[in-house]
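Accompanying notes for the structure given below.
Computed over heavy atoms, backbone and side chain alike; hydrogens, waters and symmetry mates excluded. Here the structure is a predicted model, which means the values were calculated and not measured.
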Amino acid sequence: VQLQASGGGLVKAGGSLRLSCAVSGRSLSWYLMAWFRQAPGKEREFVTAISRDGSTQYYADSVKGRFTISRDNAKNTMYVQMNSLKPEDTAVYYCAGRLGDFVGSGNKDFESPQRYVYWGQGTQVTVFS
């Protein structure tokens, strides 16, 4: 399975970007998918995740209300629409996937990068004020 992230760029604060993650090698429908990001000098952090059928999404508090994750299993592609971008959103964004789905309403292991097997190469998002 290969993941290819794209759509990053340079944007002014308040602007929008849409990132895409194209999956090849196996049907996207098998995988719980997520976006993480990593700023210089910081650890990789959870941004958002989506269930296999797209019906359930989770967001980090820092992006809730501004970012929207979605997926099109027929196109083998996942997306994140990022609106009202802030300079603190500047980071390399990675898509990630793992077999299976969310387990239990209180289980937050999907927020841990260590729980993901498949990773895209990252796409840079830079937000300037």
Side-chain angles (χ1 to χ4, degrees):
V1 175
Q2 292 185 326
L3 280 61
Q4 179 79 33
S6 62
L10 184 66
V11 63
K12 190 174 181 180
S16 299
L17 283 174
R18 188 176 82 153
L19 306 184
S20 299
C21 178
V23 175
S24 60
R26 197 171 184 182
S27 172
L28 178 64
S29 63
W30 286 97
Y31 301 93
L32 183 159
M33 298 295 293
W35 289 95
F36 288 79
R37 66 187 182 186
Q38 188 166 18
K42 295 188 177 181
E43 294 187 351
R44 193 167 297 190
E45 66 172 359
F46 169 76
V47 177
T48 179
I50 188 168
S51 60
R52 288 174 56 186
D53 65 359
S55 63
T56 303
Q57 307 91 33
Y58 290 97
Y59 297 91
D61 288 344
S62 59
V63 306
K64 203 170 292 183
R66 301 187 297 119
F67 289 15
T68 303
I69 190 172
S70 62
R71 64 193 292 159
D72 186 336
N73 287 344
K75 294 184 178 179
N76 258 27
T77 305
M78 174 185 66
Y79 309 93
V80 59
Q81 177 67 43
M82 306 187 297
N83 298 329
S84 302
L85 282 161
K86 304 175 180 180
E88 51 263 44
D89 293 318
T90 295
V92 177
Y93 283 71
Y94 297 91
C95 56
R98 73 180 201 203
L99 289 171
D101 218 331
F102 296 122
V103 179
S105 60
N107 190 325
K108 296 290 186 70
D109 71 347
F110 59 86
E111 296 182 352
S112 171
Q114 287 73 28
R115 294 292 186 174
Y116 293 83
V117 175
Y118 306 104
W119 289 88
Q121 84 289 2
T123 185
Q124 176 71 46
V125 172
T126 302
V127 185
F128 64 95
S129 57

Where is the tightest heavy-atom contact between [X] and [Y], given as atom of each residue plus distance?
X    : Y    : value
R37  : A91  : CB-CB, 3.8 Å
V117 : R98  : N-CB, 4.4 Å
Y94  : G120 : CD2-O, 3.6 Å
A5   : C95  : CB-SG, 4.0 Å
P87  : S129 : CG-CB, 4.0 Å
A39  : T90  : CB-O, 3.7 Å

Output field: ring centroids F67/Y59 closer than 6.0 Å: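 Judged by ring-centre distance (under 6.0 Å), F67 and Y59 do not meet the cut-off.
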
Could you check whether Y58 and F46 have their ring centres less than 6.0 Å apart?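 Ring centres of Y58 and F46 not closer than 6.0 Å.
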
Quick check: do [X] and [Y] have side-chain heavy atoms less than 4.5 Å from each other?
X    : Y    : value
Y79  : D72  : yes
Y31  : L99  : yes
N107 : F102 : no
P113 : Q38  : no
V63  : M82  : no
S6   : T123 : no
V23  : R71  : no

Hey, quick one: are [X] and [Y] part of the same hydrophobic cluster, counting side-chain heavy atoms closer than 4.5 Å, chains of contacts allowed?
X    : Y    : value
V125 : M78  : yes
L3   : W30  : yes
F128 : L85  : no
V1   : W119 : no
V92  : V11  : no

Mark yes or no for whether [X], through its side chain, and [Y], through its backbone, hold a donor-acceptor pair below 3.5 Å.
X    : Y    : result
D109 : Q114 : no
R18  : Q81  : no
D53  : S29  : no
D101 : L32  : no

Nearest 0.5 Å please: distance from the OG atom of S27 over to the CG atom of N73.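 Answer rounded to 0.5 Å: 6.0 Å.
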
If you measure from CZ on R115 to NZ on K108, what distance do you get to the nearest 0.5 Å?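 The CZ atom of R115 sits 14.5 Å away from the NZ atom of K108.
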
Would you find more than 12 non-hydrogen atoms of other residues, nucleotides or ligands less than 6.0 Å from Q124 atom CD?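 Enclosed.
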
Step through the shown structure and confirm whether more than 12 heavy atoms of other residues, nucleotides or ligands are within 6.0 Å of CD on E43.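 Check fails, neighbour count at 12 or below.
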
Take K64 and D61 through the salt bridge (Lys or Arg N to Asp or Glu O under 4.0 Å) test and state the conclusion after the steps. CA-CA 5 Å; K64 203 170 292 183; D61 288 344; 3.1 Å; yes

If we check ring-ring contact (aromatic ring centres under 6.0 Å, His included) with F36, which of these qualifies: Y93, F110, Y116?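 Only match with F36 under ring-ring contact (aromatic ring centres under 6.0 Å, His included): Y116.
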
